[in-house]
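Naming convention: chains lettered A, B, ... in sequence-line order (proteins, then strands); numbering from 1 in each chain. As the structure is a computational prediction, the values presented were derived from the model and not from experiment.
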2 protein chains.
Amino acid sequence: MPEPSPSPAETKPRRRAGRPVGSILDQAGITTAALSLVSKKGYDGLTMVALAKSLGVAPSALYNHVGSKDDVLKLVEEDLMSKVDSSVFQTLPWEEAVRAWAYSYRDIFSAHTPLISVIAVLPVTDAPQTLAMYEAVTEGFLRAGFPEDRIIPCIVALEAYIFGAAFDATAPADIFDSGKLAESTPHFTAAVQSLGPVNYPSDLAFRMGLDALIAGFGALRTA
Amino acid sequence: MPEPSPSPAETKPRRRAGRPVGSILDQAGITTAALSLVSKKGYDGLTMVALAKSLGVAPSALYNHVGSKDDVLKLVEEDLMSKVDSSVFQTLPWEEAVRAWAYSYRDIFSAHTPLISVIAVLPVTDAPQTLAMYEAVTEGFLRAGFPEDRIIPCIVALEAYIFGAAFDATAPADIFDSGKLAESTPHFTAAVQSLGPVNYPSDLAFRMGLDALIAGFGALRTA
DNA sequence: TTCATAAATGAATGGCATTCATTTTTATCT
DNA sequence: AGATAAAAATGAATGCCATTCATTTATGAA
């Protein structure tokens, strides 16, 4: 630090790199506290008051580190995105990589569906983990021989499907029980019953749709 | 309840059919008021206080007709479901019917994404309009020659895709702007730019994914 | 008219995110 | 070591929200 006395360029206070020494709170701590709160109490339990209490701090103290509760959700989202396995595109053939990536993506976010409405509309700017995932997936598509201008539409469609499927995965098993109105919907009721005792086929449906998307998109490769 | 008095079958108070004569409020009125409130102020503006005011009534009066705000959302959902065009399955060949139905479904719910988290998990019991839609779609699949036990998984997968796409449709155009981090994600950034001035291809993506699902599922027909 | 029931009222209640003036803590400079 | 300025934490508001409840009003049937 060759920092002489006169030095008008350096006006901001400095801090030793990587050491949040002077404060109880920082964004990383808030993120992990939010995640453990969600895993214990669900998204209804994720309130600024509860978050502050779990950190041993007054609620207003949080606002020195995040601008709003939405900021907290963005932090959680970034953390989750970093857990989606997009490394598979470096090791597996395209079809299998897409499949593994999609399952990983869906499994992670099916436990965090309240985030989906936030993510789906959230600009990717300043979201490094999210961008890193997109970069890895894009590279995988390029390597597999996709024309550059088809890659983003394919990813967008796959993501839409994954988000929708994440909701499905949390639905109750009897969601298709037609109850008293069964008589007026005979074909639908029969189709539901033909599935057997397990009436909600969210996993079968996910696999079938994913197969269709992979087959359809795979045909776009030029190489 | 042995009910000694004569006429034991008729215990509930009667009311002339179709005439909500004695009260200002009923569920139909609440539903249309909620819909017009949403269209004017969005889902943030849909509060019980605002809803009551738009009906010229005290907020607590609403609770004589609905159990909770979630009930209001269910009423709105049912109304929207009745607007999804599933009649196409009676007139068009299967591929075109699925396409038309899916576009109609997505277009309606892209203006009501806050409902999706409710719908996706909501049992279909006591939701006559929703059941009617499922019945029409199921009939369309049966007519097209699908094995009975494949129909529900296909519908579930299509719905997941439609719900996800409804979120996409509301995303800002610059959602994929990588900003300062563009240098660290060269392939993704290039792929986004190859799309041209319109950087968010939600319509192209929807069409491509829908084509893939229709092609993949269409192959399941046996007839 | 009488009476029971349904509907509407207005005043609570408790939870929520967020703000702000104030105090405390911390890091750096003299 | 002491002074100083910035960052961080505090506690007490604020305003909005869904929901409840005791009470009053309106309605239809007997």
Side-chain angles (χ1 to χ4, degrees), chain A residues 1-30 33-34 37-38 41-76 114 118, chain B residues 3 5-7 9-30 33-34 37-38 41-76 114 118:
Chain A
M1 302 257 192
E3 207 51 76
S5 326
S7 153
E10 193 64 81
T11 57
K12 291 229 169 167
R14 279 157 296 146
R15 173 167 293 170
R16 271 171 296 165
R19 296 230 220 136
V21 58
S23 89
I24 321 179
L25 291 177
D26 64 352
Q27 291 199 338
I30 291 174
L37 195 54
V38 164
K41 312 269 185 176
Y43 274 87
D44 284 349
L46 179 57
T47 71
M48 297 302 270
V49 173
L51 185 56
K53 181 184 288 185
S54 86
L55 286 160
V57 126
S60 50
L62 294 171
Y63 289 86
N64 288 318
H65 303 273
V66 297
S68 64
K69 183 178 181 179
D70 259 20
D71 272 12
V72 175
L73 295 180
K74 287 180 199 170
L75 290 173
V76 171
V118 180
Chain B
E3 208 61 62
S5 327
S7 149
E10 193 64 82
T11 58
K12 291 227 169 168
R14 278 157 295 148
R15 174 166 292 168
R16 271 172 294 166
R19 296 229 218 138
V21 58
S23 89
I24 320 179
L25 291 177
D26 64 352
Q27 291 199 339
I30 291 175
L37 195 52
V38 164
K41 313 269 186 177
Y43 275 86
D44 284 350
L46 179 57
T47 71
M48 296 303 270
V49 174
L51 185 55
K53 182 185 288 187
S54 86
L55 286 160
V57 127
S60 49
L62 295 171
Y63 289 87
N64 289 318
H65 304 271
V66 298
S68 65
K69 183 178 179 179
D70 260 21
D71 272 12
V72 175
L73 296 180
K74 288 179 199 171
L75 290 173
V76 172
V118 180

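- Comparing C:dA17, D:dT10, D:dT19 by their nearest atom to the side chain of A:Ala61 picks out D:dT10.
- Straight-line distance from the CG atom of B:Leu62 to the P atom of C:dG10: 14 Å, rounded to whole Å.
- For B:Asp44 and C:dA17, the CG to C1' distance is 13 Å, given to the nearest whole Å.
- Taking atom CE of B:Met48 as the reference point, atom C1' of C:dA8 lies 14 Å away to the nearest angstrom.
- Protein atom CG of A:Asp26 is 14 Å distant from nucleotide atom C1' of D:dA7, rounded to whole Å.
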Practice prompt. Could you walk me through whether A:Leu25 and A:Val57 pass the side chain to side chain contact (heavy atoms under 4.5 Å, CB included) test, one step at a time?
Written response: CA-CA 9 Å; A:Leu25 291 177; A:Val57 126; 3.9 Å; yes
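- Counting only heavy atoms from C-beta on, A:Ser60 has its side chain closest to D:dG11 among D:dA18, D:dG11, C:dA17.
- Across C:dG10, D:dC17, C:dT18, the shortest atom-to-atom separation from the side chain of B:Thr47 is found for D:dC17.
- Distance CG (A:Leu51) to P (C:dG15): 18 Å, rounded to an integer number of Å.
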Discussion item. Assess the residue pair A:Val66 and A:Leu75 against the criterion (side chain to side chain contact (heavy atoms under 4.5 Å, CB included)); give the C-alpha distance rounded to whole Å, side-chain angles, the decisive distance to 0.1 Å, and a yes or no.
Written reply: CA-CA 9 Å; A:Val66 297; A:Leu75 290 173; 3.9 Å; yes
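- Atom pair A:Tyr63:OH and D:dA13:P shows a separation of 18 Å (rounding to whole Å applied).
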Discussion item. Would B:Gln27 and B:Asp71 count as a side chain to side chain contact (heavy atoms under 4.5 Å, CB included) here? Give the steps.
Written reply: CA-CA 10 Å; B:Gln27 291 199 339; B:Asp71 272 12; 6.0 Å; no
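- Taking atom CG of residue B:Leu25 and atom P of nucleotide D:dA26, one finds them 15 Å apart after rounding to whole Å.
- Phosphate proximity of C:dA8 to B:His65: present, with a side-chain N or O under 4.0 Å from OP1 or OP2.
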Worksheet item: Yes or no on side chain to side chain contact (heavy atoms under 4.5 Å, CB included) for A:Leu51 and A:Leu62, after CA distance, side-chain angles and deciding distance?
Response: CA-CA 9 Å; A:Leu51 185 56; A:Leu62 294 171; 4.2 Å; yes
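- The base of C:dA6 is not paired with the side chain of B:Asn64 by any donor and acceptor separated by under 3.5 Å.
- Relative to the side chain of B:Val57, the nucleotides D:dA18, C:dT9, D:dT10 differ in distance, and C:dT9 lies closest.
- If you measure from atom NZ of B:Lys41 to atom P of D:dC16, you get 14 Å, rounded to the nearest angstrom.
- Taking CG from B:Leu46 and NZ from B:Lys69, the interatomic distance works out to 5.0 Å, rounded to the nearest 0.5 Å.
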